[in-house]
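Working notes, structure below.
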Amino acid sequence: MHLTRIRLNTARPGARRLLASPQSLHAAVMASFPHLLPTEGTAQGPRVLWRIDHNARAEVLLYIVSPDRPDLTHLVEQAGWPAAHSSGTPGWHTRPYAPFLDRLAQGDTFAFRLTANPVHHIRRKDGEPTKVTAHLTPNHQMNWLLKPERQERAGFRINEKPHDQRLLPAGLTDRHHPHHGDRYTLTVRDERTLSFAKSRDTRPARHQVKVVTVTYDGHLTVTDPQALRRTLTQGIGRAKAYGCGLMTLAPVLTG
């Protein structure tokens, strides 16, 4: 497994085109692997995951987790700084991911980031099939990740804040839905609605695909190292082909 990072040059039209189209960006990511067929991957093994981090207007990073080492030459030429790089400094950074994954142990604590597509299934009328619908409020989006069964399946537990650091009490929303207040070291931000045609034929409006994505930042504790390795290499939730599901970990900064 490999973890790759590349900064995109948002001043270039090629980068802006890729950022405006998750389908095009997915195709560009998959084109980085000459021996990999452009498929969705499988649920049984590692797959190619990617995520865009909009850290600032001029700092947009693309992260990729993949079984093979990527060649991002085409991305540098289209959306990077090709004149500033050489064979020794190709314009992206790739490092082996397996040593970090192998060191994961129960009880380890990390900061994490995840861009995901939080959804639920609803049935509007009796007898109708259920429909996948996006969560649209921060409270519901947060609860999606806080579901105990989701955390257990993913191999981690989101950390709680000490009582003296909680600024908001738990309670009910105006629609009488429970909320956790400021209990967890978890924030939800950067909600985006991606809208695009599923195929090249963009004429019928009903064929437009809408994907709501949000970014989670927080702290977690490892509860099941093997399950967390699977999460980090296979992703969480839906819409993985559109930049969702990739979780990354980092040391917790203190002080």
Side-chain angles (χ1 to χ4, degrees), residues 3-8 10 15-30 32 40-41 43 47-66 75 79 111-122 130-147 150-151 153-154 156 158 179-180 184-199 202 205-220 231-250:
L3 175 63
T4 299
R5 183 187 68 190
I6 178 173
R7 182 182 170 201
L8 302 182
T10 55
R16 295 197 295 271
R17 282 194 296 269
L18 289 174
L19 292 171
S21 170
Q23 286 178 308
S24 298
L25 188 48
H26 174 70
V29 168
M30 299 305 291
S32 307
E40 288 285 327
R47 57 176 297 157
V48 176
L49 301 168
W50 60 272
R51 186 185 78 217
I52 290 290
D53 280 9
H54 297 265
N55 293 337
R57 191 169 189 176
E59 187 183 4
V60 178
L61 303 175
L62 168 63
Y63 287 89
I64 302 171
V65 166
S66 57
L75 271 174
F112 74 88
R113 176 167 292 175
L114 165 70
T115 293
N117 170 225
V119 298
H120 61 134
H121 294 77
I122 64 171
T130 58
K131 180 181 179 181
V132 178
T133 304
H135 285 302
L136 299 178
T137 69
N139 183 57
H140 287 131
Q141 291 163 348
M142 186 174 290
N143 286 339
W144 178 86
L145 189 59
L146 287 171
K147 289 181 67 173
R150 190 181 310 281
Q151 295 184 67
R153 189 166 59 246
F156 63 80
I158 295 176
H179 69 83
H180 299 285
Y184 294 96
T185 55
L186 178 65
T187 60
V188 181
R189 61 177 179 83
D190 202 21
E191 178 181 317
R192 296 171 183 265
T193 300
L194 312 176
S195 182
F196 50 91
K198 197 168 186 178
S199 66
T202 60
R206 63 179 177 272
H207 291 316
Q208 290 286 312
V209 176
K210 288 188 177 181
V211 177
V212 175
T213 71
V214 296
T215 296
Y216 299 90
D217 289 307
H219 294 171
L220 61 77
T231 295
L232 296 176
T233 56
Q234 296 182 22
I236 299 178
R238 302 167 63 95
K240 297 182 180 73
Y242 305 127
C244 296
L246 172 55
M247 172 182 278
T248 51
L249 306 181

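Nothing fancy with the numbering, it's 1 onward along the sequence. Please read these numbers as outputs of a predicted model, since none were measured by experiment.
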Return the minimal non-hydrogen interatomic distance between [X] and [Y], and the atom names on each side.
X: Gln141; Y: Tyr216; value: O-OH, 2.6 Å
X: Val65; Y: Leu232; value: CG1-O, 3.8 Å
X: Trp50; Y: His26; value: NE1-ND1, 3.5 Å
X: Cys244; Y: Arg238; value: CB-O, 3.4 Å
X: Arg150; Y: Trp144; value: NE-O, 2.6 Å
X: Leu18; Y: Ala79; value: CD1-CB, 4.0 Å

With rounding to the nearest 0.5 angstrom, report the [atom1] to [atom2] distance, [X] to [Y].
X: Leu3; Y: Thr233; atom1: CG; atom2: OG1; value: 12.0 Å
X: Tyr63; Y: Ile6; atom1: OH; atom2: CD1; value: 12.0 Å
X: Arg189; Y: Thr215; atom1: CZ; atom2: OG1; value: 5.0 Å
X: Arg192; Y: Thr115; atom1: CZ; atom2: OG1; value: 9.0 Å
X: Asn117; Y: Thr213; atom1: CG; atom2: OG1; value: 7.5 Å
X: Leu61; Y: Thr4; atom1: CG; atom2: OG1; value: 12.5 Å

Let me see the working for Phe112 and Leu186 under side-chain contact (heavy atoms from CB on, under 4.5 Å), right down to the final yes or no. CA-CA 9 Å; Phe112 74 88; Leu186 178 65; 3.7 Å; yes
Has the side chain of Glu191 got a donor or acceptor atom that lies under 3.5 Å from a matching backbone atom of Val214? no
Any donor and acceptor pair, going by atom type alone, linking the side chain of Arg51 with main-chain N or O of Gly245 inside 3.5 Å? no
Less than 4.5 Å apart, side chain to side chain, heavy atoms only: is that true for [X] and [Y]?
X: Val212; Y: Lys210; result: no
X: Thr248; Y: Asp53; result: no
X: Phe156; Y: Met247; result: yes
X: Val188; Y: Leu145; result: no

Who passes salt bridge (charged side-chain N to carboxylate O under 4.0 Å, His left out) against Arg5, sequence neighbours left out? none
